[in-house]
Colleague: 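Just passing along the structure, written as structure tokens.
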Protein chains: 2
Amino acid sequence: MGSSAREEARIADALCKAVLERRLAPGSKLPEEELAQIFRSNRAKIRRVLLSLSRSHIVTLEPGRGAFVSRPSPQEARDVLASRRLIEVSLLAQPYRKLSAQGAARLRHIMAQEAEAHEKHDAIAMIYLSGQFHLTLIEELGNRVLKSITDELILRMSLIITMYERQNTTCCLSSDHHDLLELLLADNHTEASALMARHLEGIESCLDFNREPATTTILSQILKC
Amino acid sequence: MGSSAREEARIADALCKAVLERRLAPGSKLPEEELAQIFRSNRAKIRRVLLSLSRSHIVTLEPGRGAFVSRPSPQEARDVLASRRLIEVSLLAQPYRKLSAQGAARLRHIMAQEAEAHEKHDAIAMIYLSGQFHLTLIEELGNRVLKSITDELILRMSLIITMYERQNTTCCLSSDHHDLLELLLADNHTEASALMARHLEGIESCLDFNREPATTTILSQILKC
DNA sequence: TCAACCCGGATTGTTTACAATATGAATACC
DNA sequence: GGTATTCATATTGTAAACAATCCGGGTTGA
């Protein structure tokens, strides 16, 4: 039965979600046995999941020591940010295809959820939805390969933001998302692209690469099936 | 000891090189036991390598049936091509940093090897070196993250070209590489970007997505340590 | 003749036990 | 008192045996 692949995907998704929502801090140790208990699984499957996540740069495997949530270096952080900016800005400037009515509807739906999360001061949901907005945009204007690439980049950005975020700043203005959609519907690619560039630069300006905080949280009931 | 990671990297590299040089055809079965013998390894390590490669879309794992060299669908092929074009064309239009003298030297060195391979009618070397030229370009003008992304895209393109290449065509003109470097040294980003677009479109025009050939080769001494 | 069925061999998937390694505390030494 | 060393413990890494699954050939029966 191919249900084992399903189970591994479930575990990987749970870990990724925890990283995305910044519950799992960079540097956290991920003991195999403990994860196996948390997810009602066994070491072998956990091991495969960790190997997969290490290929996505979310987890770092240190031989003989175990798995840890990755701690991207300042250089890696800069590279990830620049890469994401290149992809998203370029795609908006010259979309692979036009935004369909259905695509616009999907984006509006996400924006509505964003507004709701904002209302409820649900920071975790806002982070998640903001990522979903960008991913949907890429899927609609681009293709699935670009989407999966950006998917990974967004995950890595979550680690980066957790590590290097300056205090007293609020990243990723959701108001930009609204303006972005308006510009796209008006076929104003030049302005949309410029706005996306400003939007992503805004996130970068909230980062401070000088300090390297040792934010190593212990995973306990952070991870719930 | 961390030598096991080394060994797995060696095996993965050998498999990737075989795919890149188009010795390993899409659809080929990759039996664990056979690979373990070829690489003087054991099933467990082969298994981990295959899992890693499946994350890179080079290998497809079919539960209960085993590992196969991936057969990208026409849709996936189009998406990979479009993604690579987006990245490389955009990067040339607005390079992340200027081409250094050292970078130019590296590119010239690869071009010299390309000319040599062309002289010797070494098609395999030419394919490999062409990829290296593009990767070096991205590393010099962009960053390592973009490089590793493109690394995977080029591998996937190898599979795509093997599957869908039209007969009687010669892909990837190495003369373009020369012109590209000249334009970059002259800081003519607009023309360089345009040339790259034509260059990649040239490769795409050699493809025919209508036919789906069942090019399943048996791996025997194709893979040599 | 053809289709469905069944079974033996081969390959993959999983579990288990065991070996190797790193960690941290206690101890000995300077 | 501080530093180095040693040993017990916990965790990771590996190998091998076992179970499950898939594939192809052969048989049976309409």
Colleague: Look at the side chain of B:Arg43 and the base of C:dG13, then say whether one donor and one acceptor between them are separated by less than 3.5 Å.
Modeller: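 By the distance-only test, yes, there is a pair.
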Colleague: If only side-chain N and O atoms of B:Ser4 are considered, is one of them under 4.0 Å from the OP1 or OP2 phosphate oxygen of D:dG13?
Modeller: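 It does not, given that no N or O in the side chain of B:Ser4 lies less than 4.0 Å from OP1 or OP2 of D:dG13.
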Colleague: If you measure only the distance, is there a donor-acceptor pair under 3.5 Å linking the side chains of A:Ser130 and A:Glu114?
Modeller: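 No, A:Glu114 and A:Ser130 have no side-chain donor paired with an acceptor closer than 3.5 Å.
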Colleague: Check this for me: does any side-chain nitrogen of one of B:Glu34 and B:Lys29 sit under 4.0 Å from a carboxylate oxygen of the other?
Modeller: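 Here B:Glu34 does not pair with B:Lys29 in a salt bridge, since their nearest N and O are not under 4.0 Å apart.
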Colleague: Looking at C:dG13, I'd like to know if its phosphate oxygens (OP1 or OP2) sit under 4.0 Å from a side-chain N or O belonging to B:Arg47.
Modeller: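 Checking B:Arg47 against C:dG13: at least one side-chain N or O falls below 4.0 Å of OP1 or OP2.
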Colleague: Which of the following nucleotides, C:dG13, C:dT15, D:dG13, is nearest to the side chain of A:Asn42?
Modeller: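 The answer is C:dT15.
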Colleague: Would you classify B:Ala44 as touching base, sugar-phosphate or nothing, given that sugar-phosphate means primed atoms plus P, OP1 and OP2, and contacts are heavy atoms under 4.0 Å?
Modeller: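 The residue B:Ala44 makes no contact with any strand.
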Colleague: Should A:Glu204 and A:Arg78 count as an ion pair when the cut-off is N to O under 4.0 Å?
Modeller: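 Result for this pair is no, no salt bridge flagged.
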Colleague: Is there a donor and acceptor pair, one atom on the side chain of A:Arg48 and one on the base of C:dG13, closer than 3.5 Å?
Modeller: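 Per atom types, no contact qualifies.
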Colleague: Taking OP1 and OP2 of C:dT23, is either one under 4.0 Å from a side-chain nitrogen or oxygen of A:Lys29?
Modeller: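 Looking at the OP1 and OP2 atoms of C:dT23, neither is under 4.0 Å from any side-chain N or O of A:Lys29.
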Colleague: Does this structure show an ion pair linking B:Glu139 with B:Lys147, if we count only N-O contacts that are shorter than 4.0 Å?
Modeller: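 Between B:Lys147 and B:Glu139 there is a salt bridge, with a charged N closer than 4.0 Å to a carboxylate O.
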Colleague: Nearest to the B:Arg65 side chain among D:dC22, D:dT14, D:dG13, which nucleotide is it?
Modeller: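 For the B:Arg65 side chain, the nearest candidate turns out to be D:dC22.
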